[in-house]
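Working notes, beginning with the structure itself.
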Amino acid sequence: MRNILTVIVTVLLLGCNGSPPPAGFVNQTQHSEAELDAIWTEAQQSVAQKIDLNPLQRLSSNVPPDTLPGDPRAWSVEPQRLLVEAVPDVSSADLFSATGEHRSNPTGMIACPQPCNVRYTIAYSFYRPELTKYAASWEFAGNNFNVILEYEFENQILNALGYAMTWR
């Protein structure tokens with residue numbers, strides 16, 4: 001019985017073809033795999049140096065930073081078929097209708113589906129399945145693309161390491 005259980009667990013962990021799930025990105029961006037890898041490495045370095053657990057909370061409330069020393073385990077976390085994809089920006093009219101916020105087109109915002117705690121954002125990440133989506137207008141907006149993805153990749157890494165993601 002124990003041998004059968006071991007085989008079942010091994011198949012579940014390795015997949016039906018006997019190999020671990022492929023690492024890397026499902027790249028639906030206009031950037032190269034090498035560019036995404038470089039941004040991922042920056043996110044690993046950031047998490048390995050210092051962890052900020054509440055940047056979003058500080059934007060909405062006057063609370064002190066919740067920071068921890070870096071976690072060197074970040075260097076061992078790799079994306080596992082992480083979908084990275086641009087999403088068309090929500091229109092200025094739709095954003096105004098839903099929120100009362102006026103922005104010109106392109107708005108730089110996309111709808112954030114549940115379980116997001118906001119209706120619109122510039123980017124978001126989910127962890128099962130792994131995905132990071134961002135407003136398409138940021139794709140070639142100077143260095144902003146790198147900054148946005150680095151933050152979202154930090155979220156992917158922190159989640160993989162078991163950190164609380166409530167205010168990220």
Side-chain angles (χ1 to χ4, degrees), residues 15 20-61 63 65-91 94-95 98-99 101 103 106-168:
F25 301 99
V26 177
N27 186 355
Q28 300 295 315
T29 75
Q30 295 182 43
H31 294 269
S32 70
E33 192 87 12
E35 289 173 293
L36 296 183
D37 284 335
I39 297 168
W40 185 270
T41 300
E42 290 295 319
Q44 287 174 310
Q45 180 177 349
S46 178
V47 172
Q49 291 176 343
K50 181 175 128 181
I51 298 168
D52 183 352
L53 291 175
N54 70 336
L56 295 179
Q57 185 182 31
R58 289 195 318 273
L59 288 174
S60 62
S61 306
V63 297
D66 183 4
T67 57
L68 300 172
D71 189 333
R73 297 178 302 157
W75 292 111
S76 68
V77 178
E78 296 296 333
Q80 299 298 312
R81 303 223 11 99
L82 170 60
L83 171 65
V84 183
E85 179 178 43
V87 175
D89 293 33
V90 65
S91 74
D94 288 345
L95 184 65
T99 67
E101 180 180 351
R103 286 179 174 236
T107 61
M109 304 291 279
I110 57 175
C112 191
Q114 291 297 322
C116 286
N117 56 5
V118 295
R119 291 178 66 187
Y120 295 95
T121 185
I122 61 173
Y124 65 87
S125 290
F126 289 157
Y127 311 109
R128 285 191 180 87
E130 289 185 16
L131 63 85
T132 292
K133 296 191 178 192
Y134 58 92
S137 64
W138 292 105
E139 187 98 36
F140 293 104
N143 193 39
N144 291 325
F145 176 79
N146 292 25
V147 171
I148 291 165
L149 279 194
E150 182 179 336
Y151 177 81
E152 295 302 329
F153 288 175
E154 288 173 12
N155 290 344
Q156 293 285 347
I157 294 166
L158 289 168
N159 183 72
L161 294 174
Y163 287 91
M165 303 302 294
T166 305
W167 291 105
R168 284 288 307 186

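For reference, positions follow the sequence shown, starting with 1.
- Counting only heavy atoms from C-beta outward, the side chains of V77 and W40 approach each other to under 4.5 Å.
- Listed here is the closest heavy atom pair of P69 and I51: O-CD1, 3.7 Å.
- Under the 3.5 Å distance criterion, the side-chain polar atoms of S46 are left unmatched by any main-chain donor or acceptor of E42.
- Checked against R168 for a side-chain hydrogen bond (donor to acceptor under 3.5 Å, both in side chains), the options N155, N159, D52 give a single hit: N155.
- Formation of a donor-acceptor pair under 3.5 Å by the E85 side chain with backbone atoms of Q28 is not found in this model.
- Residues L83 and K133 have side chains in contact (heavy-atom distance under 4.5 Å, counting atoms from C-beta outward).
- Taking both residues in full, the closest heavy atoms of Q44 and E78 are given as NE2-OE2, 3.5 Å, listed atom of the first, atom of the second, then distance.
- Interatomic distance, OG1 of T132 versus CG of L82, reported as 4.5 Å (0.5 Å rounding).
- At a threshold of 4.5 Å between non-hydrogen side-chain atoms, the residues D71 and Y163 count as touching.
- Atom CG of residue N144 and atom CG of residue L149 lie 11.0 Å apart, to the nearest 0.5 angstrom.
- Shown here for D66 and N54, the closest heavy-atom pair between the two residues is N-OD1, 2.7 Å.
- Looking at S137 and D89, their side chains do bring a donor and an acceptor atom within 3.5 Å of each other.
- Put simply, the side chain of Q57 never gets that close to the backbone of V63: no donor and acceptor are under 3.5 Å apart.
- In terms of heavy-atom proximity, A74 sits nearest to V47 at CB-CG1, 3.6 Å.
- Residues E152 and Y134 form no side-chain contact, since every pair of their non-hydrogen atoms from C-beta on lies 4.5 Å or further apart.
- No side-chain heavy atom of S125 sits under 4.5 Å from any side-chain heavy atom of Y151.
- The OG1 atom of T67 lies 8.0 Å from the CG atom of L53; values are rounded to the nearest 0.5 Å.
- Checking side-chain atoms of N146 against main-chain N and O of E150 turns up no donor-acceptor pair under 3.5 Å.
- Atom NE2 of residue H31 and atom CG of residue D37 lie 13.5 Å apart, to the nearest 0.5 angstrom.
- At least one donor-acceptor pair closer than 3.5 Å links the side chain of Q156 to the backbone N or O of F126.
- Between Y120 and L95 the shortest side-chain heavy-atom distance falls below 4.5 Å.
- Between T121 and C112, the closest heavy-atom pair is CG2-CB, 3.8 Å.
- Of all heavy-atom pairs between A98 and R119, the closest is O-NH1, 3.0 Å.
- Between M109 and W138 the shortest side-chain heavy-atom distance does not fall below 4.5 Å.
- Ring pair F25/F153: centre-to-centre distance below 6.0 Å.
- Once rounded to the nearest 0.5 Å, the distance linking OG1 of T29 with CZ of F140 reads 7.5 Å.
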